[in-house]
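It should be emphasised that the depicted structure is a prediction, and the values quoted were computed from it without experimental measurement. One-based numbering along the sequence shown.
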Amino acid sequence: MANPVLENQFGSVSAGADAALQTAAPPIVADADRMTMGSVLTSTGTLLILVMAGAAWGWANAVLVQRWYWLFFIVLIGLVILTVTRPQFAIFTGAVYSLGQGAFVGSISKVYETFYDGIVFQAVLATFAVFVAMLFLYATRIVKVTQKVRSVIIIATVGIGLFYLFSFILSLFGAGIPVLGGAGTGALIFSAVVVIVASLNLLLDFEVIERGIRAGAPKVFSWFAAFGLMVTIVWLYIEILRLLAIIAARRQ
């Protein structure tokens with residue numbers, strides 16, 4: 001997502017972003033030690049493999065993972081906080097996070113697949129398609145990430161996060177929000193909006209990674225960038241899975 005994970009290290013992408021990036025990235029002496037697109041892709045690919053490995057385990061042990069849902073949640077949040085505050089540890093925290101998040105996603109996917117046959121494959125395919133589409137739009141500059149666009153996406157993302165948090169607090173008291181449950185029109189529209197916002201977050205991730213490379217960030221931050229990108233991809237997949245489930249339920 002427009003992750004504070006990436007934003008925190010590489011600075012703002014406003015008019016003064018380049019100066020902020022230079023401040024965030026310490027001086028380096030050799031080009032071989034610089035963060036490159038190749039190193040980011042390699043790190044992202046490695047974390048993606050770990051996510052898939054974790055997902056395979058979570059799929060096979062869905063009941064166990066669901067039983068320890070809160071433990072997984074707390075550990076994953078802790079890893080995100082640790083990575084944001086100590087980005088140099090991303091090569092280690094990213095690996096653990098990917099395995100844990102993979103197990104969590106695998107268990108959720110198994111539950112959805114039980115109710116809607118074939119939905120997981122559709123969600124994976126849709127997530128890949130959205131990622132490629134966003135990358136194309138960014139690379140060709142069909143969609144330009146201006147300061148205004150960036151602000152709108154971040155505000156929308158924070159708003160969704162706060163809405164989910166509010167819903168969680170209500171659930172502790174036995175209450176709920178209609179648009180987060182069932183397969184009604186409100187739930188469908190809300191889910192579609194969240195998928196769109198999650199997709200747009202990829203544009204912000206691409207921009208921040210590009211600026212990090214231009215600023216000469218150390219190569220170790222390739223893992224940090226990959227970690228942030230993985231957070232967005234997993235979020236997008238979960239939201240697409242939920243949207244497809246709503247659509248499938250409405251057809252029954």
Side-chain angles (χ1 to χ4, degrees), residues 1-10 40 42-114 120 123-124 127 131 157-158 160-173 176 180 194 197-198 201-202 204-205 208-209 220-242 245:
M1 52 188 1
N3 320 212
V5 171
L6 294 179
E7 301 283 345
N8 180 68
Q9 181 59 32
F10 297 136
V40 172
T42 299
S43 300
T44 302
T46 301
L47 294 185
L48 184 58
I49 290 175
L50 292 176
V51 167
M52 291 188 293
W57 185 87
W59 181 284
N61 300 273
V63 176
L64 176 63
V65 175
Q66 291 296 318
R67 184 181 304 164
W68 294 98
Y69 170 84
W70 287 113
L71 178 61
F72 274 85
F73 181 77
I74 293 173
V75 170
L76 291 175
I77 291 298
L79 287 171
V80 170
I81 295 175
L82 177 60
T83 305
V84 170
T85 56
R86 294 291 186 273
Q88 63 271 27
F89 294 161
I91 187 173
F92 306 109
T93 57
V96 177
Y97 175 88
S98 296
L99 287 171
Q101 185 67 288
F104 184 68
V105 169
S107 68
I108 293 177
S109 299
K110 179 62 176 296
V111 173
Y112 275 100
E113 186 70 16
T114 300
V120 171
V124 170
T127 301
F131 180 87
T157 303
V158 172
I160 290 172
L162 292 176
F163 185 77
Y164 278 142
L165 178 61
F166 179 65
S167 174
F168 167 71
I169 294 175
L170 286 180
S171 69
L172 296 178
F173 298 94
L180 291 181
V194 175
V197 173
N201 270 271
L202 287 171
L204 301 190
D205 289 342
V208 174
I209 289 173
V220 66
F221 285 108
S222 298
W223 290 98
F224 185 75
F227 177 85
L229 188 58
M230 196 56 54
V231 171
T232 303
I233 293 174
V234 170
W235 177 41
L236 176 62
Y237 167 77
I238 292 175
E239 295 298 346
I240 288 178
L241 187 63
R242 179 173 178 272

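Under the 4.5 Å side-chain criterion, counting only non-hydrogen atoms from C-beta, Tyr97 is not in contact with Leu47. Between Val124 and Leu241, every side-chain heavy-atom pair lies at or beyond the 4.5 Å cut-off. Trp57 has its side chain within reach of Leu64: a pair of non-hydrogen atoms, C-beta onward, lies under 4.5 Å apart. For the pair Val84/Phe227, no side-chain contact is recorded, criterion being any heavy-atom separation below 4.5 Å from C-beta on.
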Subject >> Derivation and outcome, side-chain contact (heavy atoms from CB on, under 4.5 Å), residues Thr93 and Phe224 >> reply: CA-CA 9 Å; Thr93 57; Phe224 185 75; over 6 Å; no

**OP:** Verify side-chain contact (heavy atoms from CB on, under 4.5 Å) between Val51 and Val105, making sure each step is shown before the conclusion.
**Re:** CA-CA 9 Å; Val51 167; Val105 169; 5.8 Å; no

**OP:** Kindly indicate, with the supporting measurements, whether the criterion side-chain contact (heavy atoms from CB on, under 4.5 Å) is fulfilled by Thr127 and Ile233.
**Re:** CA-CA 8 Å; Thr127 301; Ile233 293 174; 4.3 Å; yes

Original post:
Which is it for Leu236 and Phe131 under the side-chain contact (heavy atoms from CB on, under 4.5 Å) test, yes or no, and what are the steps along the way?
Top reply: CA-CA 9 Å; Leu236 176 62; Phe131 180 87; 5.5 Å; no

Original post:
Should Ser222 and Ser43 be marked as a side-chain hydrogen bond (donor to acceptor under 3.5 Å, both in side chains) after you check the CA-CA gap, both sets of side-chain angles, and the distance that decides it?
Top reply: CA-CA 6 Å; Ser222 298; Ser43 300; 4.8 Å; no

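Counting only distance, with no hydrogens or angles, the side chain of Ser167 and the backbone of Phe163 share no donor-acceptor pair below 3.5 Å.
Note that CZ of Phe104 is 6.5 Å distant from CD of Gln66, once rounded to the nearest 0.5 Å. Going from atom CG of Leu76 over to atom CG of Leu99 covers 10.5 Å, rounded to the nearest 0.5 Å.
By the neighbour-count criterion of 12 heavy atoms within 6.0 Å, atom CZ of Phe92 is sparsely surrounded, having that number or fewer from other residues, nucleotides or ligands.
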